[in-house]
Amino acid sequence: MKNPKHIKALAARSAEQQIPSDHAQLLATKWMSTTKLAELVQTEGLVYKKGKFSAIEEQQLRDAIDKYREEKQVTEEDLLDIIFGKKSKESTFWSDITSAIPQRPLIAVYHHVRRHFHPMAQQGKWTAEEDALLKQAVADLGQQWEKVSPRVGRMSADCRDRYRNHIVNRDIRLTGGWSRDEEERLTQIVTEMTVQQGKNIDNDIFWGKVSERMGGTRGRQQCRIKWTDTLSKTVKNDGQRPRWSPLDAFILVHKVDSMNVMDDTEIDWKTLLDPDWNLWSAHSLQRRWLTMKRSIKGYENMSHLDIMEILRTKKAQVPDPLGTGRKRKDRKVMSSEAIEEDPGVDDDHIDDS
DNA sequence: ACTATATAGCAGGCCGGGCT
DNA sequence: AGCCCGGCCTGCTATATAGT
């Protein structure tokens, strides 16, 4: 409903191109658990898509649902019955709509649609009253989210998230800036839990545990964001905070370009990470991309390709990599100085045949 | 020095996957 | 089907920086 026209066009085009195959058939018709899927990946090289649904996929889903409703003459209420009721198993609804989205397993589409079409979905900010209702409901019922949900008027999953992220430890939770001491403790805890145990400092962190070890005064998300946005960069840069440079922007544009996607919601930002350019987290790169994109006038109605085209020319020059022209005398170390020559051309990415 | 713009830092809603 | 978990994504605001 809210997608711009160019997304709709892409969704339609991609639907036409779809090639039926054994695997596609399998994904769209069999209710396979994640374990089963993993097994098939091993045994017969099944490929399937994970992660957030892209704008194109969501459009394909909406189109498929509209088509189903039209063909079967299904009313609004009937549709909700099909999605949430018991008779869903008899209809071909789930298989039909899954077929419209290449490489997504049935179960993933099922979960996605059930969340999106839920009558209590996406209500925005929680009020103090809702928080109180939630707290009381959990006190009465325990963490049985399906029973808690109707008492609060929010989806079970949302109640659970709100509870664990904001209700638990609320009385001791700190907000606002981190003290020097907190920062050091967090760094200490993270390094202890990862490198000192031979694990990856960027991937193998259990934030719930970290929060616990911070004494519950900072939540798991606070810890995670603090680490990925600030502390990890500083640690990797020998204690100095790196600065985003024009060269970094240049590299980012070319990396995004090399992904060869039709829309930026298709990008898995983790795959942009590069050992030679490792100061920036996937999260910060994505945010950089967003701000770059928004700096273009009228970007809302432009396709990804149009935006790429403009950014490519705008950032075409490697802008004075050593920053000799800069005024500040004690210039902080630039994040990407490690990269010597020809940083943007970057033909070492995944070769697309 | 004054103002416009960019960025850092943070909060929190929202999501998908895996297990039972 | 329900539960738990790790993580993604975006908006807001105070502050820093660039432009005049």
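Both backbone and side-chain heavy atoms feed into the values below; hydrogens, waters and symmetry mates do not. Bear in mind the structure is a predicted one, so any value in this text is a computation, not a measurement. Just so we're on the same page: letters track the sequence lines, and every chain starts at 1.
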A.B. asks: Tell me which one of A:Q136, A:R162, A:H166 satisfies side-chain contact (heavy atoms from CB on, under 4.5 Å) with A:D131.
C.D. replies: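 Testing each of A:Q136, A:R162, A:H166 against A:D131, the sole residue satisfying side-chain contact (heavy atoms from CB on, under 4.5 Å) is A:R162.
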
A.B. asks: Check each of A:Q60, A:E57, A:H112 against A:R104 using the side chain to side chain donor-acceptor pair (under 3.5 Å) test, and report the only one that passes.
C.D. replies: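 Among A:Q60, A:E57, A:H112, the one that satisfies the side chain to side chain donor-acceptor pair (under 3.5 Å) with A:R104 is A:E57.
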
A.B. asks: Any side-chain heavy atom of A:W126 within less than 4.5 Å of one from A:L134?
C.D. replies: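 Yes; the side chains approach each other to less than 4.5 Å.
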
A.B. asks: Let me check something: do A:L290 and A:M292 share a hydrophobic cluster, defined by ILVMFWY side-chain heavy atoms less than 4.5 Å apart, either directly or through other members?
C.D. replies: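 No, separate clusters.
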
A.B. asks: Does NZ in A:K49 sit with more than 12 non-hydrogen atoms of other residues, nucleotides or ligands closer than 6.0 Å?
C.D. replies: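 Yes, because the 6.0 Å sphere around NZ of A:K49 holds more than 12 heavy atoms from other groups.
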
A.B. asks: Any ion pair linking A:E70 and A:K67 (charged N to carboxylate O, less than 4.0 Å)?
C.D. replies: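 Salt bridge: no.
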
A.B. asks: Between B:dA11, C:dC3, B:dG12, which nucleotide gets closest to the side-chain atoms of A:R218?
C.D. replies: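 Given the options B:dA11, C:dC3, B:dG12, the side chain of A:R218 is closest to B:dA11.
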
A.B. asks: Evaluate side chain to side chain contact (heavy atoms under 4.5 Å, CB included) for A:V256 paired with A:D264, printing each intermediate quantity in order.
C.D. replies: CA-CA 8 Å; A:V256 169; A:D264 57 6; 5.8 Å; no

A.B. asks: Is a donor-acceptor pair below 3.5 Å formed from side chain A:D158 to base B:dC14, judging by atom type as modelled?
C.D. replies: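 Check fails, no donor-acceptor contact within cut-off.
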
A.B. asks: Let me know the distance between CG of A:L290 and C1' of C:dC12, rounded to the nearest Å.
C.D. replies: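 Atom-to-atom, A:L290 to C:dC12, this comes out as 14 Å.
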
A.B. asks: Whether A:K226 contacts B:dG9 is assessed here as follows: a side-chain N or O lying under 4.0 Å from the phosphate OP1 or OP2. Is that the case?
C.D. replies: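 No, outside the criterion.
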
A.B. asks: What is the distance from CD1 of A:I101 to C1' of B:dG16, rounded to the nearest Å?
C.D. replies: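 To the nearest whole Å, that distance equals 14 Å.
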
A.B. asks: Which of the following nucleotides, B:dG17, B:dC14, B:dG13, is nearest to the side chain of A:W126?
C.D. replies: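 My answer, after comparing the listed nucleotides, is B:dG13.
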
A.B. asks: Tell me which nucleotide among B:dC10, B:dG17, C:dC3 gets nearest to the side chain of A:A108.
C.D. replies: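 The answer is B:dG17.
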
A.B. asks: Just report the end-to-end axis angle for the helix from B:dA1-C:dT20 to B:dT20-C:dA1, five pairs per end, to 10 degrees.
C.D. replies: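 Axis angle across the helix from B:dA1-C:dT20 to B:dT20-C:dA1, nearest 10°: 30°.
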
A.B. asks: Which pairs pass ring-ring contact (aromatic ring centres under 6.0 Å, His included) with one or both residues in residues 139-161 of chain A, sequence neighbours excluded?
C.D. replies: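 Sorted pair list: A:W145-A:Y163.
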
A.B. asks: Atom CZ of A:R224 to atom P of C:dC5: distance rounded to whole Å?
C.D. replies: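 To the nearest whole Å, that distance equals 16 Å.
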
A.B. asks: Rounded to whole Å, how long is the line connecting atom CG of A:D161 with atom C1' of C:dC4?
C.D. replies: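 So the two atoms are 10 Å apart, to the nearest Å.
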
A.B. asks: Any side-chain N or O of A:Y110 under 4.0 Å from OP1/OP2 of C:dA1?
C.D. replies: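 Yes, because at least one side-chain N or O of A:Y110 sits under 4.0 Å from OP1 or OP2 of C:dA1.
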
A.B. asks: Give a yes/no answer on whether the side chain of A:W145 brings an N or O atom under 4.0 Å of OP1 or OP2 in C:dC4.
C.D. replies: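 For A:W145, the contact criterion (side-chain N or O under 4.0 Å from OP1 or OP2 of C:dC4) is met.
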
A.B. asks: Without decimals, in angstroms, what is the distance between A:R160 CZ and B:dC14 C1'?
C.D. replies: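 One finds 10 Å between C1' of B:dC14 and CZ of A:R160, rounded.
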
A.B. asks: Output one line per pair: protein atom, nucleotide atom from nucleotides 18-20 of chain B, and distance, for all N/O pairs under 3.5 Å.
C.D. replies:
{"from": "B:dG18", "atom 1": "OP1", "to": "A:K50", "atom 2": "NZ", "distance (Å)": "3.2"}

A.B. asks: Quickly work out the A:K293 NZ to C:dC9 P distance and round it to whole Å.
C.D. replies: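 Roughly 12 Å, once rounded to whole Å.
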
A.B. asks: Indicate yes or no: does A:D140 engage A:R151 in a salt bridge with an N to O separation below 4.0 Å.
C.D. replies: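 Yes, charged N to carboxylate O under 4.0 Å.
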
A.B. asks: Is the base of B:dC14 touched by the side chain of A:Q221 through a donor-acceptor pair closer than 3.5 angstrom?
C.D. replies: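 Answer is no: no donor-acceptor pair is held.
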
A.B. asks: Grab the two heavy atoms, one from A:L186 and one from A:W227, that are nearest each other, plus how far apart they are.
C.D. replies: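 Looks like CD2-N, 4.3 Å.
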
A.B. asks: What is the distance, rounded to the nearest whole Å, between atom CD of A:Q286 and atom P of C:dG11?
C.D. replies: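 Checked: the CD to P distance equals 11 Å.
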
A.B. asks: From the list C:dG2, C:dC9, B:dA11, which nucleotide is the closest neighbour of the side chain of A:R114?
C.D. replies: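 Nucleotide nearest to A:R114's side chain: C:dG2.
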
A.B. asks: What is the distance, rounded to the nearest whole Å, between atom OH of A:Y163 and atom C1' of C:dC3?
C.D. replies: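 Roughly 15 Å, once rounded to whole Å.
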
